[in-house]
Structures are given as structure tokens and as C-alpha cells.
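Whatever order the structure lists ligands and atoms in, that order sets their numbers, starting from 1. The structure displayed is predicted, hence computed values, not measured ones. Keep in mind that the numbers below use all heavy atoms, side chains included, and drop hydrogens, waters and symmetry copies.
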Amino acid sequence: MTTRRHPTLVAALLTLALAAAAAPPQPPLPHVVILATGGTIAGTAASSTATVGYKAATVGVAELIAAVPELASVARVTGEQVFQIASENMTPAHWLILARRVNELLARPDVAGIVITHGTDTLEETAYFLDLVVKSEKPVVLVGAMRPATAISADGPMNLFNAVALAASPEAVGRGVMVCMNDRIDAARDVTKTSTVALDTFRSPEVGELGLMERGRPVFYRATTRLHTTATEFDVSSLKELPNVGIALAYAGSGRLEIDALAAAGVKGIVNAGVGDGSLSIEAKAALVEARKRGIVVVRASRIAGGPVVRDGEADDDALDFVVADNLSPQKARILLALALTRTSDTREIQRIFRRY
Ligand code: DAS
């Protein structure tokens, strides 16, 4: 076919070429760094139908990125393999390493946001710790998967795409550390893993998600009222280790066994995951009073997934010099107490901290 016979085609092609040349240059895509730590999102199994009993933390960050070429449509992505572990093995020592790397990267003007790929088992704890110590307004988004990368309908790739798209979004700036799984956007403070197996496991049962991902864009419905990131008083940049805080879970017949063991182990704080509204058995109360007398800070939390522990409700906290956890889960109250103890051992000051974060 020669163009001589199709003058309209030539005109159309010319118009397109001129339009393309005149179009304003597209701004460069935001640079998002993916920090990989392991977990199921990096997991593999011998069979594509295996969704339990697989090996977590085997696929490297380069492979995770290569498996989702669509990332290039929302961000310029680079990756670092910070750890390669199942998150049941994550520790405060790992948190400190991760926090330092996050703060270093976010201080760079060329970095727009960070995604952290992570096992789901303790993802909410790492997220909350970072929410309290990251010193930037830029988005930090944690993401995992409930099915290994080798599974039919693996959830990791879409979760990773959404997490990167969120971290690249200007609307995500200043909202604290977020968790983005199964299209939901949750605040680090409120989110928790609610199912051992369901894809939609990360929920914020009491206060609801911050928003949803829609076609690669965040739609926000609320913002947290609690302090986070640049508004917190916590600085871990030169901290060697976090103060040791333990959790004692209450159950029918639980007495002082776990509490005494924690006290004997030399913890600086005990979070008591009480029954009901943080209720204490007679024995547990006696053990906590003794622990307090040894200078251990006691926080009354609840094993129940929702609602606050009301101060001076099921125990006379004023008289006992205890702190209440507000509506934080025991595992998150432990994180906040550990960071509070880097600032003060004054229980009134610590209670004020639990009201603000
Ligand atoms: N063992 C789990 C973990 O690494 C696997 C996962 O769900 O990510 O948290």
C-alpha cells in the first residue's frame, strides 16, 4: 500500500506525530524503594495448590519485582533485600535495622516512598513500630501475602502492585505507616491479622480501614487521630536495643506463673493481656503489684480484639500505679511501652503517651 493513494492517512499520521511532539513531557515516575524482608509473599511451595506448609522467605526482591512488570506503570522501583526471614522470627533488633534504613532512604530527595514486603504473622507489629519511629511524612507501606508466590491465584503480585501504587501516591503523604493488603489500606496502629488463612485477613475491626485501592489509586475515607511518624517523641537512631517488655496472657485459672517468670527474667515492663476489660485474677493482681514494687511498669491490656481497657475500671489503676493500654492490642501495647521506656519510667507520663499514640 503506498501513501500516495491515501492522503488522509498521511494527514492523520502527521497530526498524530505533531500532537505527540507537542504533548508536554510526562513527569518522571516517583521512585519507590522496596525493602524485602521475607515472608509468604516471597514463599514457594512444591505444588501450586499448597497454601500452607510451604517455605516462606525464598524468593529474592529482584524476582518479586520482575514478577510484576506493571509496577513500572506507577513508579520507578528499586529493591533491597534487608532480611530473608519468616516473620515469626522478626525481632526488635530487626526493627531497629529496618527503621534506620527507612529513615536513611526517606531522607533522600529522590525517594518518594517505601514498600516493605514482610511476613504476615508479625507484620502489624513491625508496621506499628515504624509508625512510631519513622521521621518522614513520605508513605511507608507494608505488604505481605497469604498464598506463596507459586500458588494458583497468589495474592502477592496484586498486593505488591497496590502497595507500590499507594507508596507512589501524593495522597498517601502524611498518613503514617500503612498496611495495604487485599485492596484495603489500614493504619499501622489499628490493623491486625484476623484470620490464620483468609486472604482478607488484615482488618481494623474497631475503627475500620483508612481507605481502599481503586484501579491503582488510593481512595481515603478517614485519617487517624493518633500521633505518628514526624509527630512522635521517639528517636531510635542511636538506640542499641529496645527495653525488654513481656506479655502475660490471662485465661481461666491463670495466676501469677507467667507474671512472676517475666519479672524474674528482668523485664522492664509487663503488658497483662487480661480477660474482659483487662480484669485481673486475685493471684495475677498480687503478682503485678509485686512486679510494680520492683520497678517494673505494668500495663493493663485485654486479650479481647476490640474496645478499650478503661482506666480505674476493673482495677484501681491510680492506687496500683498501673497504666491502661487504651484500645491497643497487647502486642502493640508492648511496642508502645518499650518506646515509652526509652523516654521515661514515670507512669503518669506513660499513661499520657498511651492516650496520644
Ligand atoms: N510464616 C508467615 C510469616 O512469615 C508466612 C506469611 O504469612 O507471610 O509471617
Side-chain angles (χ1 to χ4, degrees), residues 34-65 67-68 79-99 101-102 114-131 140-164 166-167 177-186 188-205 209 213 247 305 329-332 334-335:
I34 295 179
L35 298 180
T37 73
T40 292
I41 193 166
T44 53
S47 140
S48 62
T49 55
T51 56
V52 289
Y54 48 80
K55 189 164 176 11
T58 55
V59 177
V61 64
E63 226 179 314
L64 288 177
I65 294 170
V68 189
E80 295 181 9
Q81 193 76 46
V82 185
F83 314 120
Q84 186 66 296
I85 60 172
S87 77
E88 56 268 31
N89 296 316
M90 194 63 81
T91 67
H94 290 102
W95 294 343
L96 288 171
I97 294 166
L98 194 53
R101 190 57 186 143
V102 166
I114 287 179
V115 166
I116 298 170
T117 58
H118 194 292
T120 60
D121 290 356
T122 62
L123 188 148
E124 67 201 66
E125 295 179 55
T126 303
Y128 188 46
F129 176 75
L130 292 173
D131 194 43
V140 175
V141 182
L142 277 84
V143 63
M146 291 300 285
R147 291 178 179 157
T150 45
I152 303 169
S153 308
D155 53 330
M158 180 55 90
N159 284 350
L160 184 60
F161 173 79
N162 275 337
V164 170
L166 177 60
V177 171
M178 292 172 278
V179 173
C180 188
M181 294 269 294
N182 213 48
D183 299 336
R184 293 183 194 277
I185 306 169
D186 286 279
R189 180 188 186 279
D190 308 315
V191 72
T192 189
K193 185 173 181 180
T194 61
S195 166
T196 56
V197 292
L199 298 188
D200 201 17
T201 182
F202 280 96
R203 307 301 295 267
S204 301
E209 61 248 357
M213 291 303 291
I247 300 175
S329 64
Q331 58 269 30
K332 289 186 179 172
R334 167 180 174 254
I335 296 166

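Atom OG1 of T40 and atom CG of D121 lie 7.0 Å apart (nearest 0.5 Å).
By the 4.5 Å heavy-atom criterion applied to side chains, V191 and K332 are counted as neighbours. L64 places none of its side-chain heavy atoms less than 4.5 Å from the side chain of I34. Residues I335 and E125 have side chains in contact (heavy-atom distance under 4.5 Å, counting atoms from C-beta outward).
For ligand 1, the 4.0 Å heavy-atom shell takes in G39, T40, Y54, A86, S87, E88, G119, T120, D121, A145, ordered by chain and residue number.
When the ring pair (Phe, Tyr, Trp, His ring centres under 6.0 Å) test is applied to F129, the partners found at least two apart in sequence or on another chain are W95.
Of the N and O atoms on the side chains of T122 and S87, at least one donor lies less than 3.5 Å from an acceptor on the other residue.
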